[in-house]
Visitor: 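My questions will all concern the structure given below.
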Amino acid sequence: MNNKKIIIFKTIDNIADFVIAQWKTISEKAIKEKKCFTVALSGGKTPVFLYKKLSHKRTLPWNKTHVFLTDERYVPYEDEENNLHMINNILLTRVSIPKENVHPISTSEVTPLESAERYEEDLISFFRIAETRFPNFDLILLGIGEDGHTASLFPETPSLKDTRHFAVTGTTKDKTKMDRITITLPVINKAENIIFLVTGGNKAKIVKDVIQGKNILLPAALVKPEKGNLFFLLDESAGALLKSSKQL
Ligand code: 6PG
């Protein structure tokens with residue numbers, strides 16, 4: 001399969017430094033080859049420390065970086081649950097990224113379905129899909145929920161089986177969570193580099209199950225890049241049940 005690496009770090013600061021070093025290498029290579037770097041970012045609490053640290057990295061090639069979202073919660077932009085709101089506040093308004101390089105998922109004036117369709121249109125036109133079959137991100141950052149969801153691909157929901165669309169609507173099977181819009185598994189698996197960030201003891205069991213890949217109902221276990229690199233970056237609590245991983 002792909003190039004899969006599991007690394008357990010002593011501190012979340014070490015995790016952030018590792019991601020930033022990868023971001024630098026991957027973005028430089030992408031810009032050299034294609035004149036721009038494409039990254040899809042996740043919401044949730046785990047990446048906040050990384051986004052804060054990234055916001056001080058003024059020498060990264062922000063003017064040639066295009067930021068997409070892996071998923072968005074269908075709440076107004078002003079709501080603190082809105083992923084772009086969080087990422088803008090912590091990171092994007094603090095670096096010199098052109099406004100047109102930030103690709104939002106709309107949550108106002110459109111239904112969730114229309115929003116997914118619009119986002120897909122943005123992906124089609126940006127990645128010139130007539131030429132390449134699926135968008136191919138240089139880097140996708142993902143988290144894992146305690147139920148094994150990633151992006152907004154939840155267990156036992158139709159979004160997991162969609163092989164045709166780039167973006168779809170999603171929520172939990174019992175619809176206890178708000179509506180969401182998410183990129184699909186084929187888009188994720190086409191990426192050149194995928195990094196899962198997982199911290200905290202409450203994720204130790206699920207991350208072990210995902211990495212062992214025995215439960216195929218777990219969305220995060222369905223992330224298998226076609227030819228890209230796959231990293232699981234864990235802190236010691238999240239990695240507590242894994243024995244043979246590299247320690248940094
Ligand atoms: C979101 C996500 C989601 C997240 C996981 C982990 O918008 O919520 O993109 O997939 O990465 O739920 O969330 P935490 O980092 O908050 O644990």
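Atoms within a ligand are numbered from 1 in the order they appear, just like the ligands themselves. Each residue takes its place number in the sequence, starting with 1.
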Visitor: Find all atoms of ligand 1 within a distance of less than 4.0 Å from any non-hydrogen atom belonging to S42, and give their numbers and elements.
Guide: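 Those atoms are 9 (O).
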Visitor: Atom 15 (O) of ligand 1: which protein heavy atom is closest, and how many Å away?
Guide: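 Result: T46 OG1, 2.4 Å.
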Visitor: Among all protein heavy atoms in this structure, tell me which lies nearest to atom 7 (O) of ligand 1, with the distance rounded to 0.1 Å.
Guide: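 Atom 7 (O) of ligand 1 sits closest to the protein heavy atom N83 ND2, 2.8 Å.
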Visitor: Spell out, as yes or no, whether a donor-acceptor pair under 3.5 Å connects the side chain of T38 to the backbone of D138.
Guide: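 Yes.
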Visitor: Starting from atom 13 (O) of ligand 1, find the nearest protein heavy-atom neighbour and note its residue, name and distance.
Guide: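 Going atom by atom, the protein heavy atom closest to atom 13 (O) of ligand 1 ends up being G44 CA, 4.0 Å.
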Visitor: Looking only at non-hydrogen atoms, find the nearest pair between N83 and D71 and report the distance.
Guide: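 Minimum heavy-atom separation between N83 and D71: ND2-O, 3.0 Å.
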Visitor: Minimum heavy-atom separation for V110 to R118, with atom names?
Guide: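 Shortest heavy-atom contact: CG1-NH2, 3.3 Å.
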Visitor: Tell me whether K203 contacts the main-chain N or O of I144 through its side chain, where contact means a donor paired with an acceptor under 3.5 Å.
Guide: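 Checking the backbone N and O of I144 against the side chain of K203, a donor-acceptor pair under 3.5 Å is found.
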Visitor: When rounded to the nearest 0.5 angstrom, what distance separates CG in L233 from CD1 in I6?
Guide: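 The distance works out to 10.5 Å.
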Visitor: Flag G43 as yes when one of its N or O atoms lies below 3.5 Å from any N or O atom of ligand 1, and as no otherwise.
Guide: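 N/O-N/O distance under 3.5 Å: yes.
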Visitor: Does the ring centre of F126 sit less than 6.0 Å away from the ring centre of H66?
Guide: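 Yes, the ring centres sit under 6.0 Å apart.
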Visitor: Hey, which atoms in ligand 1 end up nearer than 4.0 Å to a heavy atom of G143?
Guide: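 Heavy-atom distances to G143 below 4.0 Å select 11 (O).
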Visitor: Could you work out, with ring-ring contact (aromatic ring centres under 6.0 Å, His included) as the rule, every residue matching F137, not counting sequence neighbours?
Guide: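 Listed in chain order: F68, F127.
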Visitor: Can you find an N or O of T150 that's nearer than 3.5 Å to an N or O of ligand 1?
Guide: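 No, since none of the N or O atoms of T150 sits under 3.5 Å from an N or O of ligand 1.
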Visitor: Taking the side chain as everything from C-beta on, heavy atoms only, tell me whether L234 gets closer than 4.5 Å to T199.
Guide: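 When only atoms from C-beta onward are counted, T199 and L234 do not touch, as no gap falls below 4.5 Å.
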Visitor: Below 4.5 Å, heavy atoms only, C-beta onward: do V95 and L60 meet side chain to side chain?
Guide: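 V95 vs L60: side chains apart.
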Visitor: Side chain or backbone, does A151 bring an N or O within less than 3.5 Å of an N or O on ligand 1?
Guide: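 Yes; at least one N/O pair falls below 3.5 Å.
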Visitor: Just to be sure I read this right, does ligand 1 sit under 4.0 Å from the backbone of I144, its side chain, both, or neither, counting only heavy atoms?
Guide: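 The answer is the backbone of I144.
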Visitor: Could you list the atoms of ligand 1 found under 4.0 angstrom from a heavy atom of K203?
Guide: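 Near K203, meaning under 4.0 Å from one of its heavy atoms, ligand 1 has 14 (P), 17 (O).
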Visitor: Not counting sequence neighbours, which residues clear side-chain hydrogen bond (donor to acceptor under 3.5 Å, both in side chains) with E146? List them please.
Guide: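 N202.
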Visitor: Using a strict cut-off of 4.0 Å, indicate which atoms of ligand 1 neighbour a heavy atom of H149.
Guide: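 Checking each atom against H149, I get 3 (C), 5 (C), 10 (O), 12 (O).
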Visitor: Backbone or side chain, does any N or O of R180 fall under 3.5 Å from an N or O of ligand 1?
Guide: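 Between R180 and ligand 1, an N or O pair is found under 3.5 Å apart.
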Visitor: In the protein, which heavy atom is nearest to atom 16 (O) of ligand 1, and how far is it?
Guide: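 So the nearest neighbour among protein heavy atoms is K45 N, 2.7 Å.
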Visitor: Can you tell which part of D71 has a heavy atom less than 4.0 Å from ligand 1: side chain, backbone, both or neither?
Guide: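 Side chain only.
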Visitor: To which protein heavy atom is atom 8 (O) of ligand 1 closest, and what is the distance rounded to 0.1 Å?
Guide: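 Going atom by atom, the protein heavy atom closest to atom 8 (O) of ligand 1 ends up being R73 NH2, 2.6 Å.
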